[in-house]
2 protein chains.
Amino acid sequence: MFRLSKKTEYAILAMQYLAEKSGEPVSAKEIATSLGISFEFLSKSLQSLMKSGLVNSQQGIKGGYHLVGTPDVISVMDIIQAVSENVGIVECMTDSDCVRSCTCDLKDPMSVLQSKVNEVFTQTFLADLANETQNNQILKNDFKILNGIN
Amino acid sequence: MFRLSKKTEYAILAMQYLAEKSGEPVSAKEIATSLGISFEFLSKSLQSLMKSGLVNSQQGIKGGYHLVGTPDVISVMDIIQAVSENVGIVECMTDSDCVRSCTCDLKDPMSVLQSKVNEVFTQTFLADLANETQNNQILKNDFKILNGIN
DNA sequence: TGTAAATAGGACTATTGTTATCCTAATTTA
DNA sequence: TAAATTAGGATAACAATAGTCCTATTTACA
């Protein structure tokens with residue numbers, strides 16, 4: 001298994017929604033309704049994004065959220081880090097007291113992978129996620145076929 | 001959170017261990033002891049690798065596991081797929097009945113990410129994980145500093 | 001031929017993390 | 001003041017992970 005949490009997924013989708021409606025504040029309720037997900041759970045993601053300064057919020061009627069910065073400078077890693085404590089692909093990467101550190105310090109297979117995964121997430125920006133259109137569905141289908149999913 | 005399961009982690013580490021001892025059968029017990037992990041849990045990973053044909057096994061005294069193929073052709077994706085059912089970064093990628101499919105088919109942010117992550121895992125081979133040496137510790141430390149881990 | 005060491009794998013349990021909900025408070029506009 | 005909104009703590013339900021236990025089977029070798 002190798003999966004982003006729903007909290008992360010919703011954060012990414014919400015950020016993209018905000019990117020489309022650049023400027024005007026958008027309420028959590030509108031985003032939740034549009035994506036068909038739980039309003040209250042989505043709120044947790046938005047509050048985390050708020051804490052990290054990726055979005056700003058305005059309370060009260062006519063309130064809502066809007067992006068801080070433009071989609072071409074907000075990376076997926078920014079979003080992942082905003083909503084989750086640990087972003088390492090394995091425990092060793094985030095825990096300072098790894099029991100195996102003495103045996104795998106020199107040749108650490110996971111560090112190689114971690115670097116590559118990091119590169120993907122830090123070099124993919126909100127703008128990149130929205131740029132592609134029909135292509136994505138093709139990629140998605142290819143992936144499903146590759147994995148034998150009907 | 002964005003993490004490989006222990007089952008996957010152990011599978012990768014075990015495969016690398018086998019790669020180092022190319023040829024001779026290595027017992028699960030030896031690998032478990034060397035890595036300092038549960039023998040019985042590691043066995044689950046090895047049995048999955050066996051089912052997928054990435055390793056061969058020999059029962060009985062002097063038995064053990066050995067790689068099928070060389071480290072330069074075995075990809076990390078091969079290993080991930082061997083030990084886990086779902087390899088999509090989000091549910092939508094592996095479930096055919098995604099409730100949001102109608103709203104995000106054309107502009108699917110997750111497909112872009114999925115493709116990039118797939119590329120990392122399919123283009124990283126067992127050999128790549130062992131190639132680097134001192135460098136990895138530096139990368140690992142950089143990563144920890146980047147994330148404020150002491 | 002018996003024993004020890006090894007894989008194979010089913011069943012089960014404990015733990016953890018995720019996901020979701022509920023509730024209350026604070027803020028803001030009209 | 002009322003309605004709509006964010007803020008956030010508490011907690012419950014659920015699912016996945018991680019790990020253990022047990023038994024069966026295979027095999028080398030004394």
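Naming convention: chains lettered A, B, ... in sequence-line order (proteins, then strands); numbering from 1 in each chain.
Rounded to whole Å, the distance from CD on Glu9(A) to C1' on dT18(C) is 13 Å. Between the CG atom of Leu49(A) and the P atom of dT6(D) there is a distance of 13 Å, given to the nearest Å. Rounded to whole Å, atom P of dA26(C) lies 18 Å from atom CE of Met50(A). Atom pair Lys6(B):NZ and dT16(C):P shows a separation of 13 Å (rounding to whole Å applied). Atoms OH (Tyr65(A)) and P (dT28(C)) sit 13 Å apart, rounded to a whole Å. Distance, Glu30(A) CD to dT5(D) C1': 13 Å, rounded to whole Å. At whole-Å resolution of the value, CG in Leu42(A) and P in dT6(D) are 9 Å apart. Atom C1' of nucleotide dT6(D) and atom NE2 of His66(A) are separated by 14 Å, given to the nearest angstrom.
Residue Gln58(A) is the one, among Gly60(B) and Gln58(A), whose nearest nucleotide of DNA chain D lies closer to the 5' end (criterion: closest heavy atom).
Lys7(B) comes within contact range of the sugar-phosphate backbone alone, with a heavy-atom separation under 4.0 Å but no base atom that close.
The main-chain N or O of Tyr65(A) is never found under 3.5 Å from a side-chain atom of Ser57(A) such that the two would form a donor-acceptor pair.
No continuous path of ILVMFWY side-chain contacts below 4.5 Å connects Phe125(B) to Val117(B), so the two sit in separate hydrophobic clusters.
Asn118(A) and Ser115(A) form no side-chain donor-acceptor contact under 3.5 Å, judged by distance and modelled atom types alone.
Of the candidate nucleotides dT7(C), dC21(D), dT6(D), dC21(D) has the atom nearest to the side chain of Lys44(B). With dT20(D), dA7(D), dA6(C) as the choices, the nucleotide that has an atom nearest any side-chain atom of Glu40(B) turns out to be dT20(D). Of the candidates dG9(C), dG19(D), dT7(C), dG19(D) carries the atom nearest the Tyr10(B) side chain, counting heavy atoms from C-beta on. Side-chain atoms of Ile61(A) lie closest to dA3(D) of the nucleotides dT19(C), dT20(D), dA3(D). Of the candidates dA7(D), dT21(C), dT26(D), the closest approach to any side-chain atom of Gln59(A) belongs to dA7(D). In the set dA18(D), dT6(D), dA28(D), the nucleotide with an atom closest to the side chain of Phe39(A) is dT6(D).
OP1 or OP2 of dT21(C) has at least one side-chain nitrogen or oxygen of Ser38(A) nearer than 4.0 Å. Taking 4.0 angstrom as the limit, Ser57(B) places a side-chain polar atom (N or O) nearer than this to OP1 or OP2 of dA8(C).
Taking a cutoff of 4.0 Å between a charged side-chain nitrogen and a carboxylate oxygen, Lys6(B) and Glu91(A) qualify as a salt bridge.
Contact record, Ala11(B) with Ile79(B): CB-CG2, 3.7 Å, taken as the closest heavy-atom pair.
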